[in-house]
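Step one of this worksheet: look at the structure below.
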Amino acid sequence: EMSDQEREFQDRIDRDEKIEPKDWMPDDYRATLIRQMGQHAHSEVVGQLPEGNWITRAPTLERKAILLAKVQDEAGHGLYLYSAAETLGESRDELVRLLHEGRMKYSSIFNYPTLNWADIGAVGWLVDGAAIVNQVALQRTSYGPYSRAMIRICKEESFHARQGYHAIMQMAFGTPAQKAMAQDAVNRLWFPAIMMFGPNDSESTHSEQSMAWKIKVKSNDELRQQFVDQTVPQIEYLGLDLPDPGIKWNEERGHYDFSDPDWNEFFDVIKGNGPCNVDRLKDRVDAWEDGAWVRDGLLAHARKKSARTAA
Ligand code: ACO
């Protein structure tokens, strides 16, 4: 049932060739990439909000400088990803419009609040840690511009995870009150972090086709397991209690067993009903509207300049 063109395309994918913007591709391959890359870009941008909230309250000048740099990096990641999505023929303005109208998603994790400084450490460590596990795999995605964006993003993302771990380490090895804050942050953010990988493979609508096209190179459950396996020893090193009583080394599988997150909560959050969905979207729409004068100014300048060269 595949046309010759589709067969040829699949053969290129099977040979691990990268697909480039001007190459022929099936409409659904293009649409799936626009959806995933757009959602990914939106996550980077919306992801600035829970951390940006703490820049003015960072406990030291050094922590403030680090957090500021990290949050700026996230804006840059959003821009690389919007640019990469534009190579598929979808404009950044259109993607942003769809986000603002609630017609595109961004990562569930950013709909949870950051209540205190320990949360900022835990976000860097757990959330950026989960993002890296996913993004390292995506460096091998079949679409060239997406793959290349991931290589650069992963370098910056590993700095983010380390700064988070370092911040949480200082608290875990600090006073009993600091250690209790670190524990509380891990307890609250653990399940939302493992939800970032998406639903179980059996519930994942896009996985089968996306893996056949190598848009995704590892499944949601494989990546989640990888994250749990790398993170449990880090929690133990900090001397913190494991946030899930179901976490147990399974000798036979060679992996940690762990409990499922509450999937009803997950589906509720991605439908727009998480604790911060309304605020996050409002903040993005307000920022877009507040920035209109900058875009207008740049356009006016560009028009004057081109009129001058034409004259
Ligand atoms: N948050 C919000 N929505 C999600 C999440 C999540 N954590 N996981 C899955 N979904 C959505 C999917 O978008 C899809 O909805 P849609 O059809 O309306 O688009 C639905 O749930 C079903 O899930 P899947 O079929 O498994 O979706 P998909 O194949 O896209 O896999 C995944 C989800 C793994 C998140 C994939 O899109 C991906 O790897 N994206 C790139 C990485 C990314 O977005 N990272 C952002 C995280 S944080 C950061 O980078 C700063």
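Remember, it's 1-based here, ligands and their atoms both numbered in the order they're listed. This one's a predicted model, so the numbers in the text were calculated from it and none came from an experiment. Values below: every heavy atom of this structure, side chains too, minus hydrogens, waters and symmetry copies.
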Contact residues of ligand 1 (heavy atom under 4.0 Å), by chain and number: Arg35, Gln36, Gln39, His40, Ser43, Glu44, Lys105, Tyr106, Ser107, Ser108, Phe110, Ala131, Asn134, Gln135, Leu138, Tyr146, Met195, Met196, Phe197, Gly198, Pro199, Ser204, Thr205, His206, Lys216, Asn220, Phe266, Ile270
Are Ile151 and Ile153 connected in the hydrophobic side-chain network, where two residues link if heavy atoms are under 4.5 Å apart? no
Mutual orientation of the aromatic rings belonging to Phe197 and Phe227 [parallel < 30°, tilted 30-60°, perpendicular > 60°]: tilted
Side-chain hydrophobic cluster, 4.5 Å single linkage: members besides Ile270: Tyr112, Met195, Trp263, Phe266, Phe267, Val269
Of all residues at least two apart in sequence or in a different chain, which pass the side chain to side chain contact (heavy atoms under 4.5 Å, CB included) check with Gln178? Met171, Thr175
When you compare the side chain of Ile247 with that of Trp190, does any pair of heavy atoms fall below 4.5 Å? yes
For Arg140, give me all partners under side chain to side chain donor-acceptor pair (under 3.5 Å), at least two apart in sequence or on another chain. none
